[in-house]
Each structure stands twice: as structure tokens, then as C-alpha cells.
Number of protein chains: 2
Amino acid sequence: MAVTIKDIAKKAGVSHTTVSRALNDHPAISKETVGRIKLLAEELDYVPSAAARGLKTNRSLVLGVIVHRIEDPFLTDVLRGIEDTLNPSEYSLFLAATKRDPEREKRVIQAMAERRVDGIIFSSLYIGVQQLRYLKQIDIPIVLINNQTMQDPDVYLVYHQDVEATRQLTQHLVDLGHRKIAYLGSARSGRTNVKRQQGYEEGLEKAGLPLCPEYIISGTTSRPENGINGMNGLLALADPPTAVICYNDMIAIGAIKAITQAGLSVPHDISVAGFDNIDLAQYVTPPLTTFHQPRYQLGQEAAKMILHILQQDKGAQRPDAVVLHGELIIRQSTVSPH
Amino acid sequence: MAVTIKDIAKKAGVSHTTVSRALNDHPAISKETVGRIKLLAEELDYVPSAAARGLKTNRSLVLGVIVHRIEDPFLTDVLRGIEDTLNPSEYSLFLAATKRDPEREKRVIQAMAERRVDGIIFSSLYIGVQQLRYLKQIDIPIVLINNQTMQDPDVYLVYHQDVEATRQLTQHLVDLGHRKIAYLGSARSGRTNVKRQQGYEEGLEKAGLPLCPEYIISGTTSRPENGINGMNGLLALADPPTAVICYNDMIAIGAIKAITQAGLSVPHDISVAGFDNIDLAQYVTPPLTTFHQPRYQLGQEAAKMILHILQQDKGAQRPDAVVLHGELIIRQSTVSPH
DNA sequence: CTGAAAGCGCTAACAC
DNA sequence: GTGTTAGCGCTTTCAG
């Protein structure tokens, strides 16, 4: 068994209450006693029990992070932002993935509830309505990352302004002289895909270009295979586009592959733009023009938000949404059409 | 306040003990009572307190996962393997990153200790000796992933057979007809780098090729920049190699970039091989020959191992190491020299 | 400045 | 089958 404050108390010849207070720097304990106790605790390798403390204080000092897929490259940086923000604080981080599996989602939320996490960060496009209701009734702050589905007063939002982003991407291609611009979407990405497509459409409209339904292809997933398939569809058109905006970089990479396999070249024959600016976007050939979503900051802001809420009094006024703006990254995959 | 077993007991007209037993399917409680209690618990939205249970049972049902950098692409899959294995079990997962920062490492381990995690999976090349000693004294199972540094009876190991892997890679290049094969390493990657280089050297030896010190370059990091720098060094040699084996795929991608920038082509002028088979290895141009490290399985095995240990009696005999073997993936970045 | 006592929510002897 | 009692390790009134 681990050493407890009682053990320390015995050795120090004081009550365990005093030990508790000393270790927590209670102002009413003499400097001398505090020093003595702390030294003793150190010597005995005392490690406080979070369980016991939590039971008493009703705070676990744990934050739950629920994601859809751990392998999502987007998530890596979000997670890093969260972890970096939490690490210096006294909070630890529970991680769990739902995989769009309701069974699993339920289990995960149940576990978080049992562990009495002090807050939850949700970075998953999909969240079951009943699960959210269940979560809400626990009465802990919930922050949703890049999920504007919920217009709920009890839920805090941190998200990136996607509409504006694809508008800028479209503008960029228009500025280069492109007139035939396609959009390669991802049907399973829900709201996010809708927003990006919306930005694309707004961009075309703003440039006075017609919206051509043939140029909008929505594959199912957001993986490279989808880019390959979608791009092949576009290449088969009587009048193929000269530029393509993809839902994300993975799809863009697939698109480039398809174009190359068709004996054409990027960007010479067709310009390709991605979205997300994943690590490798700069290393593919040609380096990818894309939109940098501030992933790290998204995680950071979400974590900061929760920490603020937890440190504030319940009633305090808080912004219930943080909107982040990314940055257009122009690389070699987009040039003027010839 | 959340509802407790006492609340349920009151409503049901039984003692709280009976409630506890009923919820845990204690054999001595009548079917009827169990059903009634469970129904009532459901209605009242009862959620057991892991803290209270843990305090009593001395098991937190939490596993700690400590990594070096969350953004390591290798880790993503390891983590997924761990999560997938843990998810169906009753265990939750604490995640923390150390970043090679002793201060942070200490804090992280401290947090894990306070939370009384039931076991720890360490996936970090580096681990401070004192921290490990500290960990060991807590007397919980510790599994190290891809870290053979510790020859310690109290520590369990799960790792990939890297030496054999680079030996195979070298063999592959030799089979293609290469005689001038270089190795682009990463000094900061410690033991792992040593193993991979060792396999390379053994491969050369086995093929009867001389070991040329000029062909072994160790950059500092394992990032693409390092590949660019290292490759530029090799290109500047009077007699540059015709093939390069890189410490990992990221470096290989950098190397390809450097070769391309020098006006040469991969694989026509120089063959390049990576290591790890990261997701994007197949999408870069040209698709990368590499060695697939079973990342997911590494995580899976580590988690399984810990779960087994925890379910076993303390004394039971357990294998203290699991060695996994990967697979050579031949793609277009390696061809015969011309 | 310090101690005694109570209790957080749960499980586990030990009774009956 | 079910209840009584104690206690896990800690914090927190309330006394002194």
C-alpha cells in the first residue's frame, strides 16, 4: 500500500488534518510545520490519491477528449494543442475514439461520466443527439471543435471559418485566370464539406462565374482513393476543368495521382488545391497549394476555453464560441492555365 | 449532486449495500431484486463514481500512455492500436506527452501516479532513469514500445525487429544491382537509429560490400529537412551513391526533394528507400519503397500485454517481451542502377 | 496555529 | 437474501 497522510502524520507527531493542510499550503499553518511536513512527505515518497481528493472535492481534474478517429491527421495537431495547454495545468487528459459507432460512443461517454471528468472536448463531426443530451445532463462544460451542428446554449464552440477559406481558394484560382474550376468533395464529412462547398460556390458567384453541376463531385470518404475516383470522373468530362479544389489534402493527393496517371501534369495541365495543410502537403510533388487550418490553435483554444470556464464562477459571462481564421498557402500545384 | 446508491436504496426500500450488490450482479441477491434495482438505477440516471470505487478497490481501471511527441505519425497508429484494444475493456486511457523535457516528464509521471493508473505504456525513445525508477517503485506493470534500452526484469517490452528490417532493405537494393548504398540516419533517434544502421551494415557485409564511412550520414532530427541536408551532403561527394536507405520515410521524402532540386531524378538516377511506411509513403512521387513497421499491432500488443498482466495473478508466468516483424514494401522509388 | 470528527460514494467483511 | 458496520484517503467544518 502507498503511504498516506496518516502515515506522515504519525511520523511527524501531528494530526493527519495538519498534514493535509501543510501539503496544500494552507495559510494558517506555521512555515516551520509546512516545511517539516513537506520534507517528510518527500522522504516517504508520498503521492496523494487523486481518487480520494476527487471524492471529497467533486473535481477530478480530468478532461475528456472524444474524437472520431485517432488516425485523422487533422487530429494530431488538435490533440497536441490540447495536451500542451493542459500539461502545465493540473488537469490530465482522457482520450477516447468513437469511430462513428453508437455502441462505442455510448461506452466512451459512460466511462467519462463515471470518471467524473470536469469537462469534455469533442472533436468529432458526428455526435448522437441522445448522447449529447446525456452529456449535458451531467452539467459539465462541453466544447465542440469544428462542429457547428449544435446550436445549443449549453455547448461551447471552437471552429475554423471554412466558408471564407474556400472562398479565398476559389478567388486565388480565379485570379490566376481559371474559369473552369471544380470541387471534389467528401459526402461523409457532413457539415464541414457543406461549408467548404458553400465557400467554393460563393467564390464562383463573386467572380461572376457560372456554377456548373458537373464540376461538383462528392465522393464518399475523405481519403486519397476518393480523389483518384473523383478526378477520373472529372477527366472523363467533355470539357474538363483546369483547376480543382479538393475537400482536403488527402483527396488532393489522390487527384494529383489520377492526373499523373492519365498522362497529364500538375500544375501544367490542371491546377490542384487542397485543404488543411497537412504536414506532407509541402513534400508531395508538386508541393500543394492549400488552406492552412490552425489545427494546433483549435485544440489550444478549446482547452483554454474549458480551463477558463472551470476556473470561473458558474454564472460568469463567457464567450460561447471562438472562430479562428486560417491562411491561404500558395505552393506550386496551382498556376495560371495556359 | 449526482444520484448515489443511497438514493436508490431509499427509493427501493433496501439498504445501499443491497443496491451495490445488485448492480454488481452479486450471486446472493434475488433475481427479482436485481431487476428492480437496475431498473430504478436506470430511471434515476445513476452513474457510479469511479473515484469512490477506486478508493475502495485500489484499482483505477485507467492505463497511462506516455509518448514523446503526439505529432509523431508513427504514434498515431500505435495509439489507435492501444485505444482499440482498451475500448471494449473496462479500462480508460490517460494520454500525456513528455517532449524530451525532464520537467514535463516528471509532471506527467507524477500525475499518473496520483491517479493511480493500473499500468503504463511508454512509447518514447527517451526515458529518464530516475523517472523509471520512480515508476517502478509504484509497482504497476510498465510496457515499453520500441525501446530496448532497458534490460529490466520489471519492465515488459514490445518492439519491432529493426535490424532485420534494414538488412532486408539493403538486400533488396543489392539484389537490384546497387553497389554504392548510403544510409541517412537520425542522431537524435538513439537506439532505434543504431539498430537500423546496424541492419544496413550487416546487409552490406552479407553482400560482401565494403562499408564506406562517407556513405553514412547522421543528421540530427528525423524530419524532412534532415533528409534534404543529408542528401545534399551525399550529392556533393566525388562518388555519390546510387541508392540511399533513410532512417524513416520523412527523411526519405526530404532526400527525394533534394535529389529533385539538384536536377536529378528518383529512381532513375538514385534509388531512395524509407522506413515506417507512413500513410503518405504511397502517395509521394515516386511512391516510396519502405519497410512497414506494424505500428497498429505494436500498440495492440502492448495494450493486450498489460491487460493480461492485470488479469493474471501477480505471480503468474508471462512473456516479458513481444517481438514483431514487419514487411518490406517495394514501390517505385527503387530500381536497378543504370 | 492545530486537532477532532464527519463524510464524499462505494465495497466487503461479518452478522442474521 | 439482506442489513450493519467499517473504512478506503482525503478535505473541511467546527472547536479550541
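Below, each value reflects all heavy atoms present in this structure, side chains not excepted, and no hydrogens, waters or symmetry copies.
Note: CZ (R36(B)) to P (dG1(D)) measures 15 Å, nearest angstrom. Note: CG (L23(B)) to P (dC10(C)) measures 9 Å, nearest angstrom. I8(B) places its CD1 atom 16 Å from the P atom of dT2(D), with the value rounded to the nearest Å. Here the C1' atom of nucleotide dT12(D) and the NE2 atom of H26(A) are 10 Å apart, to the nearest Å. Atom CZ of R116(A) and atom P of dG9(C) are 8 Å apart (whole Å). Distance E114(B) CD to dC8(D) P: 20 Å, rounded to the nearest Å. Separating the OH atom of Y46(A) from the P atom of dG9(D) is a distance of 10 Å, rounded to the nearest angstrom. Atom CD1 of I5(A) is separated from atom C1' of dG7(D) by 14 Å (rounded to the nearest Å).
Partners of E32(B) according to the salt bridge (charged side-chain N to carboxylate O under 4.0 Å, His left out) rule, which considers only residues two or more places apart in sequence or in another chain, are R36(B).
Side-chain contact check for R188(B) and S222(B): no donor-acceptor pair (N or O, by modelled atom type) lies under 3.5 Å. At a cut-off of 3.5 Å, with distance as the only test, no side-chain donor of D7(B) or Y46(B) sits close to an acceptor on the other residue. Side-chain N/O atoms of S20(B) and T17(B) include no donor and acceptor closer than 3.5 Å.
Among the nucleotides dT2(D), dT11(D), dT5(D), the one closest to any side-chain atom of I29(B) is dT2(D). Set against dC1(C), dC10(D), dT2(D), the side chain of S30(A) has dC1(C) as its closest nucleotide. Of all nucleotides listed (dC10(C), dT11(D), dG9(C)), dG9(C) comes nearest to the side chain of L55(B). Of the listed nucleotides (dG9(D), dT11(D), dT4(D)), dT4(D) has the atom at the smallest distance from the side chain of S15(B). Closest contact between the side chain of R21(A) and the listed nucleotides dG3(D), dG3(C), dG9(C) involves dG3(C). Closest contact between the side chain of V14(A) and the listed nucleotides dG9(D), dG3(C), dT11(D) involves dG3(C).
In this model, the phosphate group of dT11(D) is approached by a side-chain N or O of S20(A) to a distance below 4.0 Å at OP1 or OP2. Side-chain N/O atoms of N58(A) include none lying less than 4.0 angstrom from OP1 or OP2 on dC8(C). Between T33(A) and dT2(C), a side-chain N or O to OP1/OP2 separation shorter than 4.0 Å is present. Regarding contacts with the backbone of dG3(D), a side-chain N or O of T18(B) is found under 4.0 angstrom from either OP1 or OP2.
In this model, a side-chain donor or acceptor of H16(A) finds a partner on the base of dT11(D) within 3.5 Å. Not a single donor-acceptor contact under 3.5 angstrom links the side-chain atoms of K6(A) to the base of dG9(D). In the interface, the side chain of T17(B) is not paired with the base of dT11(C) through any donor and acceptor atom under 3.5 Å apart. Judged by distance alone with a 3.5 Å cut-off, a donor-acceptor contact links the side chain of K56(A) to the base of dG7(C).
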Identify every side-chain donor-acceptor pair in residues 75-83 of chain A under 3.5 Å, counting partners at least two apart or on other chains, and give the distances.
unit_1: D77(A); atom_1: OD1; unit_2: R80(A); atom_2: NE; d: 3.4
unit_1: D77(A); atom_1: OD1; unit_2: R80(A); atom_2: NH2; d: 3.1
unit_1: D77(A); atom_1: OD2; unit_2: R295(A); atom_2: NE; d: 2.7
unit_1: D77(A); atom_1: OD2; unit_2: R295(A); atom_2: NH2; d: 3.1
unit_1: E83(A); atom_1: OE1; unit_2: R104(B); atom_2: NH2; d: 2.3
unit_1: E83(A); atom_1: OE2; unit_2: N87(A); atom_2: ND2; d: 3.3
unit_1: E83(A); atom_1: OE2; unit_2: A97(B); atom_2: N; d: 3.0

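Looking at D118(A), its side chain does come within 3.5 Å of a backbone N or O of S60(A) through a donor-acceptor pair. Not a single donor-acceptor pair under 3.5 Å links the side chain of T98(A) to the backbone N or O of D101(A). A donor-acceptor distance shorter than 3.5 angstrom exists from the side chain of S30(B) to the backbone of T33(B), with no hydrogens or angles considered.
Of the residues near DNA chain D, P27(B) and V47(A), the one whose nearest nucleotide (by heavy atom distance) lies more toward the 5' end is P27(B). The 5' end of DNA chain D is approached more closely, in terms of each residue's nearest nucleotide, by E32(B) than by the other of E32(B) and A52(B).
The bend of the helix from dC1(C)-dG16(D) to dC16(C)-dG1(D), defined by the angle between the axes of its first five and last five pairs, stands at 40° to the nearest 10°.
The heavy-atom pair separating I66(B) from I109(B) by the smallest distance is CD1-CG1, 4.0 Å.
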